[in-house]
Structures are given as C-alpha cells and as structure tokens.
Peer 1: 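Quick one: the structure is below, questions incoming.
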Amino acid sequence: MGIYKWMMESFLGPIAATADMQRFGKWKKELEDALEKLEKKKIRISKKEYTKQKNILQKKLKKAGELLKKSQERMKNFTHKEVRL
C-alpha cells in the first residue's frame with residue numbers, strides 16, 4: 001500500500017503545489033492592486049475608514065505571502081525527493 005501512496009504523492013504533489021502557487025500568487029497580486037486603489041481613494045474617504053480597510057488588506061496580504069511561501073516550499077520538497085528502490 002505504501003508504494004501506491006508514494007506514487008500518487010509523487011505524481012499529484014507537484015501539480016497541487018503548482019496550482020496553489022498560481023492561486024496564491026494571483027490572490028496576492030489582487031490584494032496589492034487593491035492597496036494601490038485604496039491609496040488613490042485616500043483623499044475621498046475618511047481616515048478611520050481608510051485605516052480600517054488598509055489594515056484588513058495588509059493582514060490578507062501577509063496571509064497570502066505566507067501561503068505562497070508554504071506552497072513554494074512544498075514544491076521544493078516534491079522536486080528534490082530521492083528515489084530509492
């Protein structure tokens with residue numbers, strides 16, 4: 001049973017890691033764009049609302065960066081496995 005699990009992990013692992021990296025990378029880019037738009041709207045909204053929205057976006061951006069880093073580490077683990085028979 002162990003060989004089948006290993007085969008599936010070695011086949012599906014890199015695919016899943018790549019998909020995660022693309023998804024989290026896209027999410028991070030969208031959050032960075034939202035922060036830029038917020039900076040442009042800074043004059044039109046209240047300081048309290050601006051600060052609130054900025055904090056929310058920065059927390060999400062930090063989480064996206066962490067998830068992206070984990071996905072990259074996972075991909076690195078899959079691509080640098082030793083094959084032992």
Side-chain angles (χ1 to χ4, degrees):
M1 197 64 145
I3 187 94
Y4 296 113
K5 182 181 176 189
W6 175 81
M7 287 173 53
M8 293 310 289
E9 283 179 353
S10 64
F11 176 71
L12 295 176
I15 295 170
T18 302
D20 286 346
M21 287 183 348
Q22 289 176 342
R23 183 174 39 147
F24 296 138
K26 182 180 177 185
W27 184 39
K28 186 177 178 186
K29 177 69 174 137
E30 289 172 356
L31 290 170
E32 288 170 347
D33 292 344
L35 270 172
E36 283 182 27
K37 288 179 184 176
L38 182 63
E39 287 294 324
K40 291 177 184 175
K41 292 191 322 185
K42 185 177 181 178
I43 298 170
R44 290 185 263 149
I45 60 176
S46 68
K47 185 172 183 169
K48 182 179 177 182
E49 185 64 26
Y50 167 77
T51 305
K52 179 182 170 186
Q53 289 181 12
K54 185 175 179 180
N55 287 338
I56 291 169
L57 288 172
Q58 285 177 336
K59 286 179 186 177
K60 287 181 180 182
L61 187 60
K62 181 180 177 184
K63 183 66 175 178
E66 290 171 359
L67 292 171
L68 185 59
K69 185 177 178 181
K70 284 182 184 179
S71 296
Q72 290 170 343
E73 289 172 2
R74 197 169 97 190
M75 178 61 126
K76 185 178 175 182
N77 289 339
F78 282 118
T79 56
H80 292 95
K81 272 190 172 179
E82 288 184 23
V83 177
R84 296 181 191 174
L85 296 175

Peer 1: Applying side chain to side chain donor-acceptor pair (under 3.5 Å), can you list everything that pairs with Glu39, at least two apart in sequence or on another chain?
Peer 2: Tyr50
Peer 1: Output side-chain donor-acceptor pairs under 3.5 Å for residues 28-38, partner residues at least two apart or in another chain, one line each.
Peer 2:
unit_1	atom_1	unit_2	atom_2	d
Lys29	NZ	Asp33	OD1	3.2

Peer 1: In residues 15-24, what donor-acceptor pairs under 3.5 Å come from side-chain atoms, sequence neighbours left out?
Peer 2:
unit_1	atom_1	unit_2	atom_2	d
Thr18	OG1	Pro14	O	2.7
Asp20	OD1	Arg23	NH2	2.4
Asp20	OD2	Arg74	NH1	3.4
Asp20	OD2	Arg74	NH2	3.3

Peer 1: Would you mind writing out the side-chain donor-acceptor pairs for residues 52-63 within the sub-3.5 Å range, not counting sequence neighbours?
Peer 2:
unit_1	atom_1	unit_2	atom_2	d
Gln53	NE2	Glu49	OE2	2.8
Asn55	ND2	Thr51	O	3.3

